[in-house]
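In what follows, chains are A, B, ... by sequence order, proteins preceding strands, each numbered from 1.
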Amino acid sequence: MTGDHGHHQVESGARLNGECEMRAEIGFNAGFRLVFCPCFCEAKRRDYSHKHKDKHKDKEHRHKDHKKDKEREKSKYTNSSNGKHKREKENGYVSHIKTEEDNGYGYSPMPEKPMKRDRDEDELEHKPKKIKVEKENKVKKRKQEEEFDYYDEDVKPKKKSKGKKDDSAGGGKKKAKKEPEEKWKWWEEERCTDGSKWRFLEHKGPVFAPPYERLPENVRFYYDGKVMKLSEQAEEVATFFAKMLDHEYTTKDIFRKNFFKDWRKEMTSEEKSKISDLNKCNFTEMSEFFKAQSEARKQMSKEEKQKNKEENERLVEEYGFCLMDNHKERIGNFRIEPPGLFRGRGDHPKMGMLKRRIRPEDIIINCSKDSKHPKPPPGTKWKEVRHDNKVTWLASWTENIQGSIKYIMLNPSSRIKGEKDWQKYETARRLKKCVEKIRAQYREDWKSKEMRIRQRAVALYFIDKLALRAGNEKEEGESADTVGCCSLRVEHINLHPEMDGQEFVVELDFLGKDSIRYYNKIPVEKRVFKNLQLFLENKQLEDDVFDRLNTSILNKHLQELMDGLTAKVFRTYNASITLQQQLDQLTNPEDNLPAKILSYNRANRAVAILCNHQRAPPKTFEKSMQNLQAKIDAKKKQISAAKKELKSAKADAKAMHDEKSRKSVETKKKAVQRLSEQLMKLEVQATDREENKQIALGTSKLNYLDPRISVACRYESEHRRVCAISVTRIGFTLVIIERHCIQMRREALETRRPCRGKVLVVHSGIWRALPHVQQLCKKWGIPIEKIYNKTQREKFAWAIDMADNDYQF
DNA sequence: AGGCACACTTAGAACTTCATAA
DNA sequence: TTATGAAGTTCTAAGTGTGCCT
């Protein structure tokens with residue numbers, strides 16, 4: 001009922017890989033290439049201009065640019081990590097990929113050292129000249145091509161943006177005068193190349209959790225049935241437990257044990273000697289008090305709520321922003337985590353431990369030397385103030401449960417996060433270009449004489465096919481027992497030479513990140529299966545499946561196949577490509593808006609299933625389901641009543657033979673029909689809700705799907721001309737519509753709803769196009785607001801601004 | 001080649017606000 | 001108007017991956 005169904009669904013329709021192979025087959029690469037230039041900022045420009053017909057010119061241009069940048073970089077940074085780019089060519093294959101990939105430019109693994117920004121600070125607010133010129137060219141070209149042109153509005157100063165909490169640029173971190181300023185388009189600027197993340201950073205430091213307030217006298221704690229007044233410290237920790245009394249956590253042994261141990265540490269020696277058994281503790285008065293308190297908060301008058309809101313806004317205005325390189329940027333988490341009881345996920349050995357209160361003395365501040373340093377609260381000191389512009393965080397502290405470091409960082413809408421996000425998708429797109437070769441290689445590696453290579457190849461196959469996470473090793477006993485691909489153990493895998501009529505079925509069952517269960521039965525190729533059998537030979541349940549492999553070995557190998565390639569890029573790539581393919585498949589331009597949105601969500605769901613993004617069914621789920629079921633039952637009753645009436649009306653009509661009774665039969669028939677339709681709708685709604693019961697769409701939307709794919713859905717574009725239709729030997733069809741390549745799987749065409757009778761028909765192996773095929777590429781005209789909410793639009797502002805209607809991932 | 005520190009992304013749960021049906 | 005559920009937002013845990021040291 002869980003992943004099983006879902007994964008099969010995905011397997012059968014959602015994921016159609018193998019585009020590169022097909023492209024090669026029909027010479028697609030030769031005819032059109034979506035080349036993104038090596039360095040990141042170049043890629044951006046390509047993004048704007050990838051329609052250019054004059055590829056050669058463009059290439060030259062890029063090349064020159066790049067050379068220039070490289071020289072610049074060299075001269076400035078003698079110790080630049082150029083050496084890193086020179087990778088060993090272990091075999092011809094690798095180098096082949098690279099050559100093809102890099103196109104001779106050597107895709108600088110540039111995340112860390114993007115293009116040099118050698119402009120003055122005060123120039124920052126302006127669009128770089130270079131880019132401006134290029135843009136004008138582009139505008140011209142576009143005009144020539146009579147393409148949709150959004151530079152028109154882009155080039156001239158834009159209409160005032162509607163957002164009130166605009167970036168106030170130019171050092172205007174003073175009180176925000178209500179002068180709506182233009183949103184800063186960082187994506188139109190060049191990026192820094194020297195590995196520094198900023199040049200200037202000023203902020204006010206974090207906001208600390210409010211100090212503990214003692215409970216009123218009438219809220220008492222009982223031990224062994226007797227009232228007991230607790231010391232302030234012990235009381236505070238007790239309230240943490242009391243607040244969680246309704247939570248399942250407090251029934252768990254480990255939680256209680258850990259809590260009690262840590263609680264006792266906070267007690268006075270007197271308390272310690274008295275309180276020796278958690279079971280004798282009675283927190284109910286405390287619990288009731290907090291419940292009443294939150295109830296009272298809900299019941300607050302409008303004015304009070306408003307006051308609170310304003311107070312909060314003031315705090316956000318003061319602490320929620322920083323000044324980074326002349327731009328006011330939102331901070332993601334400017335509040336220090338308050339003390340409480342640790343809530344680990346799954347079977348966490350440390351659940352219930354006391355998360356201690358963070359004080360200024362624990363905080364390391366990071367900011368510019370020449371900025372106004374944040375002031376610690378009166379009478380306190382920071383642990384340290386440093387000026388490290390190689391990192392993005394503003395403040396950090398070490399947490400006491402795992403000893404890990406926590407950071408205060410910027411909001412996803414910030415330049416620093418956005419650039420990284422954009423770059424992530426560009427890396428995934430580069431993978432797209434060489435994924436088929438990588439696949440060919442790992443298939444080849446299944447036959448290797450060396451065990452470690454075969455393990456690597458099979459693991460990579462899983463990561464690619466199933467979008468598994470890499471699976472770093474974890475310290476035992478420090479956290480819940482969860483695994484990813486490289487850390488899979490024998491107990492997580494079952495091999496079935498035959499199952500449900502399929503050969504070579506691998507059954508995976510393990511807890512992944514956040515202790516979310518992954519369950520899937522996958523038919524695999526014989527060679528994979530045989531390899532797995534070999535890997536499992538003579539092993540205990542608790543042994544690693546891939547004993548000669550870990551993530552660092554795997555990633556090193558991937559790095560050799562493509563610059564910047566790591567295991568997680570496959571997840572991004574497969575998620576995004578799946579969305580795009582699903583959208584192409586589900587597209588039905590005649591649908592109305594809700595239907596289109598439903599289709600979009602379905603495409604999104606396919607990705608969520610692929611990535612195994614699950615959620616606990618909402619608390620209210622059962623209830624709301626029951627409500628719906630009640631409606632359905634009521635409807636059913638109505639129907640049976642209506643049917644009865646119809647029956648008797650029919651009998652009447654038979655007996656009476658008159659016009660009136662005949663008419664009555666008709667009316668009753670209609671009523672039954674109408675009710676049945678209503679019932680159907682309700683049932684569909686119920687199915688839909690049920691289907692989404694434990695699937696979470698948000699994570700993939702936010703982290704895996706190239707937003708430009710979704711953005712492209714907003715345009716209603718003209719029909720496209722079909723250029724070619726081709727069948728590949730592996731049963732895919734390619735439909736080439738102008739420069740779009742749309743691939744389909746045979747069975748998908750035959751059975752998938754959007755295709756049925758619409759797009760293609762099959763006649764004894766010959767594919768024929770119907771006129772409707774032209775519609776395939778018509779984009780949907782979905783308003784972006786229907787896909788992304790406000791926060792998401794802020795995060796993806798770069799994509800919304802730059803992607804045009806025929807964006808291809 | 002393995003361990004560790006660190007930085008940063010990805011993740012679902014919990015909480016808050018908004019929209020809509022009763 | 002109020003109650004309810006959905007949508008939006010916040011929170012922080014739990015991953016990935018790099019680079020340094022041994």
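Between Lys197(A) and Asp388(A) there is no salt bridge, since no side-chain nitrogen of the basic residue lies less than 4.0 Å from a carboxylate oxygen of the acidic one. Arg356(A) and Glu399(A) are not joined by a salt bridge, as no carboxylate oxygen comes within less than 4.0 angstrom of a charged side-chain nitrogen. For the pair Glu478(A) and Lys350(A), the salt-bridge criterion is met [side-chain N within less than 4.0 Å of a carboxylate O]. By the 4.0 Å N-to-carboxylate-O rule, Arg415(A) lies close enough to Asp325(A) to be salt-bridged with it. By the 4.0 Å N-to-carboxylate-O rule, Arg489(A) lies too far from Asp544(A) to be salt-bridged with it. Salt-bridge annotation for Arg199(A) and Asp194(A): absent, with no side-chain N of the basic residue lying under 4.0 Å from a carboxylate O of the acidic one. Taking 4.0 Å as the cut-off between side-chain N and carboxylate O, Arg708(A) and Glu426(A) count as a salt-bridged pair.
Residue Asn411(A) is the one, among Asn411(A) and Arg345(A), whose nearest nucleotide of DNA chain C lies closer to the 5' end (criterion: closest heavy atom). In terms of position along DNA chain C, the nucleotide closest to Ile336(A) lies nearer the 5' end than the nucleotide closest to the other residue of the pair Ala470(A) and Ile336(A).
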Could you walk me through whether Phe342(A) and His348(A) pass the ring-ring contact (aromatic ring centres under 6.0 Å, His included) check? CA-CA 10 Å; Phe342(A) 177 73; His348(A) 198 116; 4.9 Å; yes
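A cation-pi arrangement is present between Lys243(A) and Phe290(A), with the terminal nitrogen or guanidinium carbon under 6.0 Å from the aromatic centre and inside a 45° cone about the axis.
Of the residues in residues 383-401 of chain A, none lies under 4.0 Å from DNA chain C by heavy-atom distance.
Going from atom NZ of Lys424(A) over to atom P of dG17(C) covers 12 Å, rounded to whole Å. Between the CZ atom of Phe342(A) and the C1' atom of dT12(C) there is a distance of 9 Å, given to the nearest Å. The distance from atom CG of Leu554(A) to atom P of dG17(C) is 8 Å, rounded to the nearest whole Å. As a whole-Å value, the separation of Met409(A) CE from dC11(C) P is 16 Å. Atom C1' of nucleotide dC11(C) and atom CZ of Arg335(A) are separated by 11 Å, given to the nearest angstrom. The distance between atom NZ of Lys420(A) and atom P of dG17(C), rounded to the nearest whole Å, is 12 Å. We find that CD of Glu337(A) is positioned 12 Å from P of dA14(C), with the value rounded to whole Å.
The six-membered or imidazole ring of His613(A) lies near that of Tyr704(A), with a centre-to-centre distance under 6.0 Å. Aromatic rings of Phe255(A) and Tyr249(A) (six-membered ring for Trp) have centroids within the 6.0 Å cut-off, being under it.
Surrounding NZ of Lys252(A) are more than 12 heavy atoms belonging to other residues, nucleotides or ligands, all under 6.0 Å away. In this structure, Lys307(A) places its NZ atom where only 12 or fewer heavy-atom neighbours from other residues, nucleotides or ligands lie under 6.0 Å away.
Among the atoms of the strands shown, none is found under 4.0 Å from any heavy atom of Gly484(A). Here Arg469(A) lies in heavy-atom contact (under 4.0 Å) with sugar-phosphate atoms only. Across all strands shown, Asn472(A) has heavy atoms under 4.0 Å from base atoms, whether or not it also approaches the sugar-phosphate. As judged by a 4.0 angstrom heavy-atom cut-off over every strand, Gly332(A) is placed among residues making no nucleic acid contact. Contact annotation for Lys513(A): base contact, defined as any heavy-atom pair under 4.0 Å involving a base atom. Ala616(A) comes within contact range of the sugar-phosphate backbone alone, with a heavy-atom separation under 4.0 Å but no base atom that close. Residue contacts for Pro338(A): at a heavy-atom cut-off of 4.0 Å it reaches the sugar-phosphate backbone alone, with no base atom in range. At a threshold of 4.0 angstrom between heavy atoms, the contacts of Gly344(A) are confined to the sugar-phosphate backbone, with no base atom among them. Across all strands shown, Lys355(A) has heavy atoms under 4.0 Å from sugar-phosphate atoms exclusively, and none from any base.
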Check: protein-nucleotides 2-9 of chain C nitrogen or oxygen pairs below 3.5 Å:
| unit_1 | atom_1 | unit_2 | atom_2 | d |
| --- | --- | --- | --- | --- |
| dG5(C) | OP1 | Asn627(A) | ND2 | 3.0 |
| dG5(C) | OP2 | Lys623(A) | NZ | 3.4 |
| dT9(C) | OP2 | Thr791(A) | OG1 | 2.2 |

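Here chain A contacts DNA chain B (any atom closer than 4.0 Å to a heavy atom, that is under 4.0 Å), and the contacts span dC6(B) to dA14(B) from 5' to 3'.
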